[in-house]
Each structure stands twice: as C-alpha cells, then as structure tokens.
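Note sheet for the following structure.
What you are looking at is a predicted structure, and each value in this text was computed from that prediction instead of being measured. When a residue number appears, it is its place in the shown sequence, counting from 1.
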Amino acid sequence: MASTSTLLMKTIFLVLIFVSFAISPATSTAPEECGSESANPCVNKAKALPLKIIAIVAILVASMIGVGAPLFSRNVPFLRPDGNIFTIVKCFASGIILGTGFMHVLPDSFEMLSSPCLEDNPWHKFPFSGFLAMLSGLITLVIDSMATSIYTSKNAVGIVPHGHGHGPGNDVTLPTKDGDSAQLLRYRVIAMVLELGIIVHSVVIGLSLGATSDTCAIKGLIAALCFHQMFEGMGLGGCILQAEYTNLKKFLMAFFFAITTPFGIALGIALSTIYRDNSPSALITVGLLNACSAGLLIYMALVDLLAAEFMGPKLQGSVKMQIKCFIAALLGCGGMSIIAKWA
C-alpha cells in the first residue's frame with residue numbers, strides 16, 4: 001500500500017522532469033547571460049570546492065541529528081510519545097514543514113519560473129508555480145485517501161450482525177483491528193508521503209549549492225541549510241516515530257533523508273561544468289519540481305499533521321494545550337521564515 005503510493009508520487013515527479021526538458025527548447029531566445037558564468041568576483045571554483053566538501057559533512061551531521069533526535073525520544077521520560085511535551089514538539093515540527101513549503105520552496109518556484117531568462121510566453125503569462133502547487137496538493141489528497149481506503153478494505157471482515165435489532169442499520173463492517181491500527185496506518189501513509197516531498201526538495205537545494213561557484217553564497221548557505229535540515233529532520237523524525245516501523249525501516253528512512261542534500265551537493269559538483277542555475281532548462285526543471293514539492297509539503301503540514309492534531313481528542317479536550325501547540329507551530333513557521341533570508 002505505502003509502496004504503491006510512493007511509486008505513484010515518484011512517477012509524477014519523473015514525468016514532470018521529462019516534460020520540463022521537452023519544453024525547455026522554447027526558451028532559446030533567452031538573454032545571452034543566461035546559462036553563462038557570472039562576472040561576480042566571489043565566483044572561484046578552486047576555493048568553492050573545499051567549501052562544498054565542508055557543506056556535505058556539516059549538513060549530513062545536522063540532518064542526522066535532526067531526524068535521529070525524535071527516534072530516541074522514547075528513552076527520555078518527559079518526551080514519551082503520549083505525553084504533552086511530545087505533542088507540543090510535534091506541532092513545532094509541523095510548523096517547520098509548513099514554513100518550508102510556504103517560505104522556501106514555493107517562493108523559489110515563483111522566482112525561477114518568472115525569471116527573465118525564460119520567454120514571456122508561456123512562463124510569464126500564467127502562474128505555473130501556484131497552479132502546480134495546487135495540483136500537487138490535490139494529487140496528494142487523492143493518494144492519501146486512496147491508500148487509506150485500499151488498506152481499510154483489505155483488512156475488513158465483511159458484514160457482521162450487530163445487536164438484536166432488525167433492519168440494515170444493524171449490519172456493520174467491522175475491521176479486524178481496532179482504531180489504533182487505523183491510526184497507525186495514517187501515521188505510516190503520512191511518513192511515506194512526507195519523506196518523498198522532503199527528499200525531492202532536499203536534492204534540489206543540494207544540487208543548487210553544489211553547482212554554484214559563488215564562495216560568498218556558499219558560506220552563508222552552509223549555516224542556513226544546517227539549521228534548515230536539522231529542523232526539517234525533526235518534523236520527519238516525529239512522523240517516522242509515530243509510524244512505529246521496524247528499527248530497520250526507521251534507519252533506512254532516516255538515512256535516506258540525511259544523505260539527500262549531501263547527494264544533491266555531490267551531484268551538483270559533478271554537473272558543475274554543464275549545469276547552470278540560470279539556464280532555461282535548470283530553471284524550468286527545478287521550478288516545476290519545487291512547485292510540486294511545495295504543494296505536497298503544505299498539504300501534509302496543514303491536513304495530515306496540524307489539523308489532525310488540533311482536531312484530535314487530546315487537544316479538543318484542553319484549550320490550554322491548543323494554545324501551547326498553536327504557539328509551538330507559530331514558532332516553527334517563524335523560525336523557517338527567518339532562515340528563508342539566507343536559504
């Protein structure tokens with residue numbers, strides 16, 4: 001079930017990549033400076049390479065700390081998953097994911113697809129970023145809903161008589177497992193889809209860092225991306241913890257998250273001779289991927305994480321906890337908004 005939804009999401013992103021490369025020749029009339037090296041005095045390939053190596057190590061460590069911290073919270077008494085503090089931390093992490101979608105990924109997509117390096121028609125005539133983000137959110141909703149329905153139907157036991165009354169109202173379908181199992185399913189679907197969206201975004205930002213030779217920009221990005229990946233990892237780690245996967249699956253999901261940005265940087269280094277941030281092909285491809293990733297992250301943060309938490313019995317039974325969790329989510333969004341100034 002989860003693997004099917006993940007495969008479908010990957011297919012969608014791959015289709016977007018092929019489409020973007022297919023339509024990029026339409027941008028052949030872009031200004032000459034687009035796709036050429038910048039005259040910025042900070043551009044120095046020899047000095048940039050050691051900084052990129054430092055970035056790979058630093059971001060890898062920060063990502064591992066961020067995604068690993070929630071997974072070890074069971075060993076800390078006051079951070080037990082059913083405690084109030086853990087709920088507040090989850091809302092903070094959800095705010096980080098929401099802030100990532102709105103303040104990092106979506107603005108980047110708007111900036112790229114409205115670049116002067118792209119032709120006015122069609123890129124400046126239609127808001128592709130907003131359209132694709134909206135479409136991505138709807139597709140995520142469909143996948144989320146269908147995956148849950150398929151799992152529920154496979155684990156149902158048919159029509160079972162209930163009580164001593166008569167009529168069709170007393171015939172109900174009972175699941176083989178209780179409500180906890182259904183909630184566990186939701187957590188697993190959320191963890192899988194959320195990881196996919198975060199991984200796509202992480203590879204893209206790593207690719208951009210690895211391809212640039214601007215030492216001034218790299219120095220600022222290293223610190224900003226370390227905080228970015230650490231906080232984002234906290235949000236994903238909390239979802240992985242709730243999904244109650246086996247230790248091997250937890251390790252694999254944490255591992256893939258931790259290595260995606262370093263992998264993107266390494267890929268950017270390898271492609272630095274042919275990849276240009278401001279080339280039409282790069283702007284279209286990365287812009288489309290960012291728009292799709294933004295829609296996915298915003299949907300997951302608002303619907304599957306924050307709304308599910310705030311509308312759940314725990315917070316509905318305590319206005320005080322709702323206020324605390326709202327403040328935590330606001331702090332998460334605020335933190336990512338501040339980091340957006342540099343990354």
Side-chain angles (χ1 to χ4, degrees), residues 62-63 65-71 73 78-79 81-109 133 136-137 140-141 144 186-187 189-202 205 223-243 253-254 257 261 290 293-316 318-343:
S63 299
I65 292 173
V67 73
L71 300 181
S73 64
F78 68 90
L79 283 179
D82 58 343
N84 289 342
I85 294 180
F86 185 77
T87 301
I88 294 173
V89 171
K90 279 196 301 180
C91 290
F92 173 74
S94 301
I96 288 171
I97 294 171
L98 182 63
T100 298
F102 273 118
M103 298 302 298
H104 292 255
V105 192
L106 191 57
D108 284 350
S109 177
S136 174
T140 305
L141 167 64
D144 201 6
R186 295 292 306 126
Y187 288 145
V189 172
I190 290 169
M192 292 292 292
V193 179
L194 182 61
E195 168 134 351
L196 178 61
I198 290 177
I199 282 178
V200 171
H201 165 57
S202 297
I205 60 176
L225 289 179
C226 282
F227 283 106
H228 180 281
Q229 290 301 105
M230 184 170 66
F231 287 137
E232 203 170 55
M234 288 174 58
L236 178 61
C239 293
I240 294 174
L241 176 65
Q242 286 186 309
M253 292 184 74
F257 165 77
T261 301
N290 272 339
S293 182
L296 188 155
L297 292 175
I298 291 169
Y299 169 87
M300 296 299 293
L302 284 175
V303 179
D304 281 338
L305 298 177
L306 288 173
E309 202 68 55
F310 276 86
M311 297 304 172
K314 188 169 189 174
L315 293 191
Q316 284 298 304
S318 173
V319 175
K320 188 176 180 180
M321 270 296 293
Q322 288 184 42
I323 295 174
K324 289 179 179 178
C325 287
F326 173 75
I327 293 173
L330 195 61
L331 288 174
C333 290
M336 294 309 289
S337 300
I338 293 173
I339 294 176
K341 183 178 180 181
W342 298 280

Check [options] against [X] for a side chain to side chain contact (heavy atoms under 4.5 Å, CB included) and give me the one that passes.
| X | options | value |
| --- | --- | --- |
| S318 | K314, K320, Q316 | K320 |
| M300 | L98, L306, I190 | I190 |
| D144 | V193, D304, V303 | D304 |

message: Can you confirm whether more than 12 heavy atoms, excluding those of F326, are under 6.0 Å from its CZ atom?
response: no
When rounded to the nearest 0.5 angstrom, what distance separates [atom1] in [X] from [atom2] in [Y]?
| X | Y | atom1 | atom2 | value |
| --- | --- | --- | --- | --- |
| I199 | F257 | CD1 | CZ | 9.0 Å |
| I85 | K90 | CD1 | NZ | 13.5 Å |
| I240 | L236 | CD1 | CG | 4.0 Å |

Just so I know, are the side chains of [X] and [Y] near enough to count as touching, which here means a heavy-atom distance under 4.5 Å?
| X | Y | result |
| --- | --- | --- |
| C325 | T87 | yes |
| F310 | C91 | yes |
| M321 | I88 | yes |
| L194 | L305 | yes |

task: With sequence neighbours left out, write down each residue that passes salt bridge (Lys or Arg N to Asp or Glu O under 4.0 Å) with E195, or none if nothing qualifies.
output: none
message: For I96 and H228: C-alpha separation, side-chain torsions, deciding distance, then whether side chain to side chain contact (heavy atoms under 4.5 Å, CB included) applies.
response: CA-CA 9 Å; I96 288 171; H228 180 281; over 6 Å; no
message: Is there a side chain to side chain contact (heavy atoms under 4.5 Å, CB included) between F86 and L241? Walk through the geometry before answering.
response: CA-CA 11 Å; F86 185 77; L241 176 65; 3.5 Å; yes
Which atoms form the tightest heavy-atom contact between [X] and [Y], and what is the distance?
| X | Y | result |
| --- | --- | --- |
| S293 | G197 | OG-O, 3.0 Å |
| A191 | C239 | CB-O, 4.0 Å |
| A133 | L106 | CB-CD1, 3.9 Å |
| S109 | N290 | CB-CB, 3.8 Å |
| A254 | V67 | CB-CG1, 3.8 Å |
| G101 | L297 | CA-CB, 4.4 Å |

Scan the side chains in residues 327-340 for donor-acceptor partners under 3.5 Å anywhere in the protein, sequence neighbours excluded, and list what turns up.
residue, atom, partner, partner atom, Å
S337, OG, C333, O, 2.7

- prompt: Is there a donor-acceptor pair closer than 3.5 Å between any side-chain N or O of E232 and the backbone N or O of I97?
  reply: no
query: Backbone N or O of S63 within a donor-acceptor pair of the Q229 side chain at under 3.5 Å?
result: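 Flag not set: sc Q229 to bb S63 has no pair under 3.5 Å.
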